[in-house]
Amino acid sequence: MDDIRAPDRASSISTGVRVWPSKRYAKMHRDSIEDPEAFWDQQARKLEWQKTWDHVLEWKEPYGRWFVGGKLNACHQCVDRHVHTWRRSKVAIYWEGENGETRVLSYSTLFREVNHFAHMLLSLGVTKGDRVALYLPMIPELPVAMLACARIGAVHTVIFSGFSAQAICGRIGDTRAKVIVTSDGGLRRGKIVPLKDIVDQALPACPSVENVIVVRRTGQAIHMREGRDHWLSKDMTGAHVFVEPVAVESSHPLYVLYTSGTTGKPKGIVHGTGGYMVFNYVAYQWVFDIREESVYWCTADVGWVTGHSQIVYAPLSHGAAVVLYEGAPDYPAVDRWWDIIEKYGVSIFYTSPTAIRMFMRHGEKWPARHDMSSLNLLGSVGEPINPEAWYWYFRHIGGERCPIVDTWWQTETGGIMISPTPGIDPLALKPGSATFPLPGVDVAVVDARGNELEAGETGYLIIRKPWPGMLLDVYEDPARYREAYWSRFPGSYYTGDFAMRDEDGYFWLLGRADEVLKVAGHRLGTAEIEDAAIAHPAVAEAGVTGRPDELKGETIVLFVTLKEGIPPSDALKKEIADLLRETIGPVAAPGEMYFVDSIPKTRSGKIMRRVLKAVASGKDIGDLTTLEDEASVEEVRNALARLGHTGAPPPADSSH
Ligand code: WTA
């Protein structure tokens with residue numbers, strides 16, 4: 001933690017009042033953009049390096065390598081660094097099980113468990129650079145396993161525990177992980193999710209996996225294959241073990257995390273060590289104004305990037321006390337989260353707009369039952385937050401005392417890019433705006449040709465300069481890395497988001513501009529869903545679009561054409577929905593499904609998404625001359641007519 005201290009937080013709340021960014025922030029940002037290397041050189045000194053870097057940045061477009069020549073260890077930053085100070089007895093993790101069980105891990109306990117785990121990985125032959133898949137529920141062993149991998153220089157790939165056997169196969173097939181770590185089960189709404197059984201289903205198709213480490217959580221009987229499957233024992237050696245953290249090169253990969261893009265296959269986003277850790281360390285201070293006494297709770301699953309950066313690497317590198325909750329937000333009752341805030345005295349709370357909207361529906365009587373006066377800062381991430389939800393969050397959760405940091409970032413950016421920074425200086429907030437880029441972050445809103453737009457105009461969000469948290473690559477797919485991020489606006493990183501900058505310079509993030517959906521904050525590629533649907537034997541073609549949804553932000557609308565002679569039916573709809581759930585995960589279940597004669601496509605075979613969107617939302621298609629999908633006006637008219645577009649969505653049973 002730094003010595004940066006924001007003044008009293010209440011003074012940073014002046015919603016609706018025109019106040020430009022503070023002088024301190026403005027100077028910091030200006031300096032960082034004028035001389036990024038000097039700026040990042042200073043910031044990087046806040047971490048403990050085993051060897052100092054020779055160059056701050058080596059930029060060979062599109063690859064940025066940060067702190068070249070430097071050596072460090074991410075686990076050392078998050079654990080060892082603290083156990084040599086008074087923080088050894090400070091709480092690292094307050095864990096709350098869904099069933100009410102609790103565990104409290106101090107930094108010294110975390111140190112012991114991480115060493116123990118690292119020792120087990122070593123004994124199974126895992127060494128620097130090997131990939132380890134982690135398929136675990138939200139239990140302390142998940143961060144422990146991540147840190148243990150980092151300690152020995154192994155590369156973790158966390159697979160969200162809501163994913164299916166097929167998703168596990170895809171990720172393990174791509175990374176060729178040697179070991180997978182799982183648990184007997186996980187708890188979700190009082191029921192056991194049989195994680196080890198799911199892994200068993202996946203393993204026959206994952207030849208790279210030599211060993212399975214199993215954590216005991218739920219206690220039901222599971223199959224353990226002799227020689228391959230090993231329990232994570234609590235006292236493997238009976239004594240404390242110490243595993244020396246491996247000092248890795250700054251650009252040594254820390255992890256691979258899969259996320260959806262515009263093609264059928266999720267991309268393995270690779271993050272390095274030095275740049276990622278430096279960026280997250282400073283961003284965490286600026287955005288969350290972390291203090292020694294803070295109790296911080298980010299409700300994301302560790303399986304997403306938010307969990308990686310904002311539950312594990314950023315807070316633990318600061319020696320913060322983190323709450324980790326295993327289960328569903330509304331189990332056993334709608335006030336479970338508010339109960340947890342009261343119980344642990346949470347001071348910083350970070351969640352998603354979808355969750356806030358869900359709680360809004362249930363009403364303010366639930367938070368009102370709890371004393372949440374410990375809170376002093378709130379955060380939001382994953383999707384745009386609508387002003388109505390913002391105000392509800394501000395009033396009923398934050399008691400009108402707490403600024404809300406609306407943080408815009410992506411799996412690829414590694415850390416928060418655009419957000420208020422109460423840790424630097426207070427600033428007037430505008431509900432629904434993520435406000436300003438962090439120091440060192442150079443973003444712009446441009447038109448299709450890359451020209452910067454005037455205030456008030458909507459365009460594409462790009463990042464004009466490399467930043468330390470940037471992805472290293474797409475795992476073993478450099479062509480895709482170049483194509484997805486660096487080809488559309490030469491010299492700049494393309495985010496895939498629409499944005500607008502207002503007259504005061506505030507940024508407004510307006511959702512995805514590419515073929516990616518955000519359903520309840522989860523990223524899903526339209527092509528990924530289409531591919532999964534086409535795998536059903538009755539389906540000839542599939543087209544997916546998103547429709548705005550009051551709760552989830554966006555919901556999936558699926559258009560399907562069936563093979564010759566197969567009659568549409570509700571049973572078939574259910575089968576297709578189940579298949580999507582199974583292939584991708586429960587978030588991929590479509591909100592609506594329509595059987596149609598044909599999926600509108602251009603002559604070159606591209607799905608006309610604007611047509612699908614217009615039909616799904618019952619909206620007018622708008623100006624046909626600016627079609628993004630390169631179809632002719634005539635083609636679009638015909639396609640609309642064929643889908644019977646009347647300005648209203650087709651009836652649910654629309655089957656021609
Ligand atoms: C969206 C999540 C508006 C955006 C950390 C981005 C947001 C995508 C915000 C990345 C926000 C994230 N306001 N939109 N505060 N935060 N997004 O990779 O479309 O799961 O491109 O990373 O989420 O999603 P991802």
Side-chain angles (χ1 to χ4, degrees), residues 158 160 162 255-262 266-271 276 279-280 283-284 287 298-311 313-314 350-357 378-387 389-390 393 404-421 429-438 441 443 445 458 460-463 469-471 474 484-485 493-501 506-526 528 546 548 552-554 585 587:
V158 179
F160 170 55
Y255 65 79
V256 181
L257 183 61
Y258 285 81
T259 190
S260 297
T262 53
K267 298 180 272 209
I269 303 302
V270 188
H271 278 294
Y276 175 84
F279 189 63
N280 271 297
Y284 192 67
V287 173
C298 165
T299 65
D301 195 286
V302 172
W304 311 117
V305 76
T306 305
H308 281 56
S309 299
Q310 316 299 348
I311 296 179
Y313 291 110
Y350 189 32
T351 192
S352 72
T354 292
I356 297 160
R357 289 189 292 260
L378 302 176
S380 166
V381 62
E383 41 177 330
I385 181 162
N386 47 313
W390 195 103
Y393 194 26
I404 297 177
V405 291
D406 175 3
T407 64
W408 178 90
W409 59 296
Q410 307 181 302
T411 305
E412 293 86 342
T413 69
I416 297 168
M417 302 291 277
I418 307 180
S419 168
T421 48
L429 302 170
K430 294 192 188 188
S433 163
T435 73
F436 293 90
L438 263 54
V441 173
V443 286
V445 180
T458 296
Y460 304 98
L461 184 74
I462 61 166
I463 306 170
M470 68 190 286
L471 68 168
V474 173
Y485 306 110
Y493 168 93
Y494 174 47
T495 61
D497 271 34
F498 283 126
M500 187 271 284
R501 196 170 186 193
Y506 284 63
F507 282 85
W508 298 76
L509 285 309
L510 305 170
R512 299 292 301 196
D514 58 3
E515 296 179 1
V516 169
L517 307 180
K518 269 275 171 171
V519 180
H522 299 315
R523 237 168 110 161
L524 290 163
T526 47
E528 197 180 342
K552 296 180 186 172
E554 211 167 13
V587 288

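Residue numbers count from 1 along this sequence. Counting starts at 1 for both ligands and their atoms, in listed order.
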#### Entry: E528 versus S260, side-chain donor and acceptor atoms under 3.5 Å
yes

### Query
Of all residues at least two apart in sequence or in a different chain, which pass the ring pair (Phe, Tyr, Trp, His ring centres under 6.0 Å) check with W304?
F160, F163, H522

### Y485: partners by side chain to side chain donor-acceptor pair (under 3.5 Å), with sequence neighbours left out
K267, E412

### Query
With hydrogens left out, which residues have an atom under 4.0 Å from ligand 1, given that only heavy atoms count?
V305, T306, V381, G382, E383, P384, D406, T407, W408, W409, Q410, T411, D497, L509, R512, K518, R523

### Query
For Y255, which residues count as a side chain to side chain donor-acceptor pair (under 3.5 Å) partner, sequence neighbours excluded?
Y276

### Task
Check whether the ring centres of F436 and F507 lie less than 6.0 Å apart, and answer yes or no.
no

### Message
Less than 3.5 Å apart, any donor N or O on the side chain of Q410 or T495 sitting next to an acceptor on the other?
### Response
no

